Every structure is written in C-alpha cells, then in structure tokens.
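Have a look at the structure below before the remarks.
Everything numeric in this text was worked out from a predicted model, so none of it was measured.
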Amino acid sequence: MMSLNLLNPGGSGASGYGVSGRRCNVRFQHRNRTPVTSVESMEEQQSSSHCVSSQQQEHSISNQRASLHLPEAALNANSTAASSHQHLQFPPRVGGIQATLAEKEDSLSPAVPSLLHLPLCRQTTPVPGLRYRNLGKSGLRVSNVGLGTWVTFSAPISEEVAEDIIVMAFESGINVFDLSDGYCGPRAEVSLGRILRQRRWRRSSYIVITKIYWSYRSEERGLSKKHIVESIRASLDRLQLDYIDVVLIHRADPMCPMEEVVRAMNHVIDHGWIMYWGTSRWSSVEISEAYNNCRQFNCPLPICEQSEYHFLCREKIEISLPEVYNKLGVGLMTWSPLTMGFNVSKGEETFPNFHRMSFKKKFSTVTWPDDDAAGATKENAYVPRMSAEEVQRQNSKLREISLMAERFGCTSSQLAIAWTLKNEHVHSVLVGAISPEQLYEHLQALQIVPKLSAAVMMDLERVLDNKPIRPPMISTLAMR
C-alpha cells in the first residue's frame, strides 16, 4: 500500500514518501520522523482525557461539598448527570462524534421552555381557491376573500363565537379584517384588538382595515384634519396596535377641501400611524380629484376603493369605476355580496340559503346615507320600500338563481359570492358571518368560481336582465 505524508502532502523526494512510491509499514512525520498516531491510539487518548476530566469534575464537586455543606446525595446526583454524556458507549472509530452529540443535547435541552414565549404562527394551509394579489398599485398583498366584521361583532353575537370566527378566518388563509367604529360602536375594534393580542399572531400575517366615519348628525362633522387625526389615534388605542394597515375614508365631504384631506392622510402616514389610505363609497369624480391633489402636493395616493357590489347593484362597479382601475390603478374591495337575498318582504316566499339575520339592520346602521336610511320602514328596517311588482319580479329572479345553484350543487349565497369573485377588477370580496359554520359555507364558494364558464355567465345574465349599459359618447361637434 502506498503511504501518504499527512503533514506535507505536497513534498517531494526523501521528505515526501507519498511521491517516491516506496512501500513502508510505518508512517513518519516530516523531519522528526516520529510515528503518526493511529486511529486506535487517538481513541485511547480521548477516553483517557474523558476519565481525567471526570476525575477533575468529581474533585471540584467534593470541594463544593466541603465549602457549601450540601447533602452528599444531591451532589452525587449532579455528578452522575454531569458525567452521563462522558461515559456513553459508542461504536469503534466514532469517538470524534461523542463530544458533538453531547454538545447538541446540552444546547437543545435549555431551549425547550423558551418555546412557550415564541409568537404563534399559522400552521394550516389556505382554503383551496384562496388567492393573494396586490391591492391596486401598492405592494400590499390581500386575500381575494376578506372578513367583514359588520355582523361578527354585533350585539347578538357573543365574544366566544366572534373569536371562533376570527380564528377560523385566519387559519383558513384570510388576512384581511375590515371593521369600523360606525358598524357597532367601539366594540368591534376593542374585541378584535383583544383577540389579536391573545393569539399573538405575527403582525405581518394579517391586515387590519378600519374607517373614518362622519355624519351630518354626529358631533364630528366633516373630514377636517382634526377629526381625521383624532379618529385614527382613538382607533389605535382601541385596537392596541402600533399601526393600522389601511384606513378608509367613508364618504367624501363636499364641505371640506380635498387638499386638507390628502394632507391630513399624508400627516398620519408620516407619523407611522397608518401604512396606506383609501376611500369608501366615493364616486369616480371624487377619487380622481383626490388623485390629482395627491400628485400636486406630493402626498401618498389612495390604493383602494370599497364599494357595494352584488347581483342587483352593478352600475357603479361595471360602468363608473373601470376608468379608476385602469388609469389610476386604484384597487377594488367589494362588500355586501348577499344583500340581494334580503330584499324580500314579509309574507313572500323566502330562501333559507340567504341569511336574513346577518343583514337585518342594513338600513338602520350608520354606514348608510341618511337618504337611504330614511326609506326603510320602522317595523322592517332591513327592507326598503318596494312596489308589489318589483318584489314579485325580484322573487322570481331569486327563484331561478336558486335552481341554478342546485345544478352546481351549491347554495344561492355561494353562487352569489362566486359571481362577485369572477369580476377581474375585484381584488377582495368582504363577507360577513355570524357563526363559524356560515363562514365555512362562504369559503366553499371559492371552488365554484372555476365552474362559472362563459355559458353559465350568459345564463345568469339572462336571469338577472340588469347588465348596465354604458351611455353613448356625446360629441360636441355633432351637436353643433
């Protein structure tokens, strides 16, 4: 066997036996020509060193016993535990791994209690069909289905049920939680903040969206800078968060200059209280005006518009706002995809697939304009005044939609949500739930979206018969 010079492999001649090709049984070191320690002798030296170290440790323990006067049984237990890693029996030629394994065990053992203080993270996979996309031109990625807490934190729902709904939404992959103090007072923000603190989810794993509400009948009238700053700071106190992801301004204020609004939003963003801002229930003209003011005064642009969209409310989303999506790059979040199922008056045939209890206060909440709320009757606040012919026509549409949903093997509410998700301009659809079972039912609508082919969409258009038509362009030259 050709021997190799381990200490000087690059040598030549007499000093490099690996190159001369001379056969020998004993390997020598360079110059000193002392025998190289074999693997067996290395193991013997390691075992002897372990014994010496164990004797030294026992000697130190005896000194500690003499100085501290501790019981001998306790010190013997410590000595046995300390030397347990040194007297382990390993197979031959694995002595070098012994110290490494002992060090790994010692390094892992004290880390177990610290795992209890680590933040919890989501361990489950998202629901099939749940997608994430950027909201408008921003880098904020939102799920295509969000949870609207309009009914989750309402009075009839207990705190335990509300927490179960929030947890189920988060574990299903939903990262958007929409709320406002105008829905059910400060309870929504306080409850959601409490749940987020108790669950200790990573702050980067969810998005909190709240609104700045104002009304002519409230004390805080208009969108002044004072009202915007005070509203955001109050929301931060209720949520107990360092910042809010997105703040939406609910309805534009015709009495307040748009410059003051955009400069106020720039002020709160510079202070780190919010990350983005957007609009809710704004017209395309108002959004364009805000966009132009932001460009003029070098202020952050609004990233999204939140508006109502369902089977029976389509004109604004499909006619008025496409210019905002395509030219300005403003994202779209829709809410109330199931409102079309609650406009049935008493005494008519009802459909159990639509949850009337969830939206029974639709026209009595502060989120609706005063003129719309005035149209609701006192004995049935969630039903607007409709003629008998309109009610009959609407019931017939709901009946045909229910039959189409049966052909797909789903409920009418799932078909309504899937139809809303089919719109390519919609970035996220906000759904409400009064129980985890209802939220689970809504999430199953994601699996219906691929089944809505062009032929199915044409059948739905035939049943609805309300596709908005863009008015013809008016030419000033032709009018002359």
Side-chain angles (χ1 to χ4, degrees), residues 124-135 141-148 168-169 171-176 307-315 317-318 321-322 325 331-344 349-356 358-359 394-433 435-468:
T124 57
T125 57
V127 175
L130 198 69
R131 300 291 183 266
Y132 301 88
R133 56 187 300 187
N134 289 19
L135 185 59
R141 296 185 64 83
V142 297
S143 55
N144 56 353
V145 174
L147 180 63
M168 180 180 180
E171 293 179 349
S172 301
I174 294 177
N175 66 346
V176 177
S307 185
E308 182 180 9
Y309 184 53
H310 49 79
F311 278 148
L312 304 179
C313 182
R314 306 174 55 182
E315 184 174 359
I317 300 299
E318 299 181 7
L321 295 183
Y325 318 141
L332 175 62
M333 301 182 69
T334 63
W335 51 273
S336 187
L338 305 180
T339 303
M340 44 81 62
F342 306 100
N343 294 335
V344 183
E349 180 182 358
T350 59
F351 300 94
N353 294 327
F354 297 93
H355 302 273
R356 298 168 59 91
S358 302
F359 295 89
Q394 184 172 338
N395 288 341
S396 62
K397 291 181 180 181
L398 294 177
R399 194 175 296 106
E400 294 187 25
I401 291 174
S402 180
L403 295 176
M404 293 185 64
E406 292 180 359
R407 294 204 304 265
F408 284 103
C410 64
T411 62
S412 302
S413 59
Q414 292 174 348
L415 182 60
I417 297 174
W419 179 86
T420 306
L421 289 169
K422 193 67 175 178
N423 191 332
E424 60 181 4
H425 296 299
V426 176
H427 293 78
S428 182
V429 177
L430 301 176
V431 298
S435 63
E437 293 77 15
Q438 185 180 2
L439 178 60
Y440 177 81
E441 177 186 342
H442 292 343
L443 292 177
Q444 300 309 308
L446 293 168
Q447 304 181 20
I448 310 298
V449 179
K451 300 180 181 180
L452 298 181
S453 59
V456 176
M457 296 298 290
M458 290 181 62
D459 292 341
L460 285 172
E461 292 293 347
R462 178 186 55 80
V463 172
L464 296 175
D465 193 22
N466 62 349
K467 184 176 179 62

Within this structure, what is the CD-CH2 distance for the pair Glu308 and Trp335, rounded to the nearest 0.5 Å? 4.0 Å
Closest non-hydrogen atoms of Leu464 and Lys397, given as atom of the first, atom of the second and distance, are O-NZ, 2.8 Å
Distance, nearest 0.5 Å, that separates CG of Asn175 from CG of Leu147: 11.5 Å
Sequence-distant partners of Leu130, side chain to side chain contact (heavy atoms under 4.5 Å, CB included), two or more places apart: Pro126, Tyr132, Ser143, Asn144, Val145, Leu446
Looking at side-chain heavy atoms only, is the closest gap between Leu312 and His310 below 4.5 Å? yes
Rounded to the nearest 0.5 Å, what's the gap from CD1 on Ile401 to OG on Ser413? Could you check? 11.5 Å
Hey, what do you get for CG (Leu332) to OG (Ser307), rounding to the nearest 0.5 Å? 7.0 Å
Quick one: CG on Asn466 to CZ on Phe311, what's the gap to the nearest 0.5 Å? 9.5 Å
Using every non-hydrogen atom in the two residues, find where Leu430 and Pro337 come nearest and quote the distance to one decimal. O-CD, 3.4 Å
Hey, does Leu398 have a side-chain heavy atom less than 4.5 Å from the side chain of Ser412? no
Are any non-hydrogen side-chain atoms of Met333 and Leu135 less than 4.5 angstrom apart? yes
Inter- and intrachain pairs under salt bridge (charged side-chain N to carboxylate O under 4.0 Å, His left out), touching residues 456-468, at least two apart: Arg314-Glu461
Any Leu443 side-chain heavy atom under 4.5 Å of Ile174 side chain: yes
Could you work out, with side chain to side chain contact (heavy atoms under 4.5 Å, CB included) as the rule, every residue matching Gln414, not counting sequence neighbours? Cys410, Thr411, Glu441, Gln444, Ala445
Any side-chain heavy atom of Ser402 within less than 4.5 Å of one from Glu406? yes
So, do Lys451 and Val456 sit near enough that their side-chain heavy atoms are less than 4.5 Å apart? no
Would you say the side chain of Thr334 lies within less than 4.5 Å of the side chain of Asn423, judging by non-hydrogen atoms? no
OH of Tyr325 to NE2 of His427, rounded to nearest 0.5 Å, is 9.5 Å
Quick one: does any side-chain atom of Ser172 pair with a main-chain N or O of Met168 as donor and acceptor, under 3.5 Å? yes
Quick check on side-chain contact (heavy atoms from CB on, under 4.5 Å): which of Ile417, Ile448, Val449 does Lys422 satisfy it with? Val449
